[in-house]
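Before any comments, here is the structure.
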Amino acid sequence: LAKTTQPISMDSYEGQEVNITCSHNNIATNDYITWYQQFPSQGPRFIIQGYKTKVTNEVASLFIPADRKSSTLSLPRVSLSDTAVYYCLVGYNAGNMLTFGGGTRLMVKP
Amino acid sequence: DSGVTQTPKHLITATGQRVTLRCSPRSGDLSVYWYQQSLDQGLQFLIQYYNGEERAKGNILERFSAQQFPDLHSELNLSSLELGDSALYFCASSVSSGQIGELFFGEGSRLTVL
């Protein structure tokens with residue numbers, strides 16, 4: 001399984017764009033990149049998934065460079081409610097995207 | 001609401017006891033996953049079932065066991081409980097074990113061992 005590395009924590013302010021980068025140097029050809037968000041005492045929630053280039057949905061964008069050894073989750077104009085832990089996972093199906101790692105604890109300040 | 005239901009939401013018990021946590025996956029999902037999250041820790045994968053069969057195993061202790069029933073609900077059995085077993089236990093489900101897809105998590109069962 002591809003190992004992922006993310007910053008332990010990040011701080012931001014309301015209204016700013018936040019970019020969280022995940023390194024996955026040994027990503028395999030079949031692997032997809034998936035990001036989850038977790039609030040305290042709640043189950044993680046799927047944010048976005050991609051394979052290459054850029055993916056955008058109503059809440060975030062995911063940028064993946066050509067070598068796919070890293071990916072960046074971009075949250076536009078964050079609010080206080082975006083304070084959460086964000087996990088990057090790499091794998092080729094739900095069955096092997098099993099390891100969540102430590103995640104990045106994002107703190108959004110007023 | 002993810003569609004995954006976990007019961008009980010909270011459970012307090014004593015060391016040495018045994019408890020059973022229950023999970024009902026989303027309608028149509030064949031795969032169920034169990035995770036443990038201790039205080040301020042990441043999610044530790046315990047075990048996965050697909051359509052009644054064990055598919056993958058993580059760091060699940062021998063004191064813990066799980067099964068998935070014909071109606072696809074799953075139970076996680078924790079026995080000879082220790083203080084260190086106090087944690088949030090999450091169940092997740094997905095459509096399949098063999099294709100790209102997202103995991104849908106329940107709200108968790110908080111176990112406190114005194």
Side-chain angles (χ1 to χ4, degrees), chain A residues 1-9 22 27-52 55 57-60 62 64 68 73 83-107, chain B residues 1-6 9-10 21 23 25-26 29-51 53-60 86-112:
Chain A
L1 296 177
K3 177 178 167 56
T4 60
T5 303
Q6 307 174 229
I8 294 174
S9 64
C22 179
I27 188 169
T29 303
N30 293 340
D31 287 345
Y32 278 67
I33 300 150
T34 309
W35 286 79
Y36 284 82
Q37 174 192 57
Q38 186 182 25
F39 298 113
S41 298
Q42 293 187 25
R45 186 179 68 173
F46 174 90
I47 301 175
I48 198 166
Q49 183 180 77
Y51 183 80
K52 62 180 180 181
V55 179
N57 62 22
E58 62 276 8
V59 297
L62 179 59
I64 306 168
R68 304 201 326 122
L73 174 72
T83 294
V85 178
Y86 293 82
Y87 296 95
C88 164
L89 283 78
V90 173
Y92 61 85
N93 61 38
N96 81 342
M97 286 187 185
L98 300 174
T99 303
F100 273 70
T104 297
R105 191 176 298 271
L106 173 65
M107 173 70 71
Chain B
D1 183 6
S2 67
V4 177
T5 304
Q6 291 188 245
K9 288 189 177 359
H10 301 276
L21 308 181
C23 170
R26 287 190 327 152
D29 283 359
L30 299 178
S31 212
V32 169
Y33 310 76
W34 286 97
Y35 285 85
Q36 178 194 54
Q37 187 170 40
S38 302
L39 190 64
D40 290 332
Q41 297 293 312
L43 286 145
Q44 300 294 319
F45 167 68
L46 296 178
I47 198 164
Q48 176 203 358
Y49 281 84
Y50 175 74
N51 204 20
E53 306 251 337
E54 182 183 305
R55 181 58 61 96
K57 212 167 192 177
N59 297 324
I60 187 167
S86 295
L88 259 174
Y89 291 84
F90 288 106
C91 168
S93 72
S94 67
V95 171
S96 169
S97 177
Q99 59 185 244
I100 293 297
E102 64 181 276
L103 298 181
F104 296 87
F105 282 81
E107 292 302 306
S109 293
R110 182 175 295 280
L111 173 65
T112 302

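Letters A, B, ... mirror the listed sequences (proteins, then strands); counts begin at 1.
The 12-atom threshold is not exceeded at CZ of A/R105, counting heavy atoms of other residues, nucleotides or ligands nearer than 6.0 Å.
Put simply, CZ on A/F46 and CZ on B/F105 are 12.0 Å apart, with the number rounded to the nearest 0.5 Å. Here A/L89 contributes atom CG and B/L43 contributes atom CG; the two are 9.0 Å apart, rounded to the nearest 0.5 Å. Distance check: A/S41 OG to B/Q37 CD gives 8.5 Å after rounding to the nearest 0.5 Å.
Under the rule for a ring-ring contact (aromatic ring centres under 6.0 Å, His included), A/Y86 has no partner lying at least two apart in sequence or in another chain. Applying the ring-ring contact (aromatic ring centres under 6.0 Å, His included) rule to A/F39 yields no partners; only residues at least two apart in sequence or on another chain are considered.
Per-residue heavy-atom pair counts under 4.5 Å with chain B were compared for A/P40, A/G43, A/G103, A/G102, and the maximum is reached by A/G43.
In this structure the side chain of B/E102 reaches within 4.5 angstrom of the side chain of A/Y36, judged on heavy atoms.
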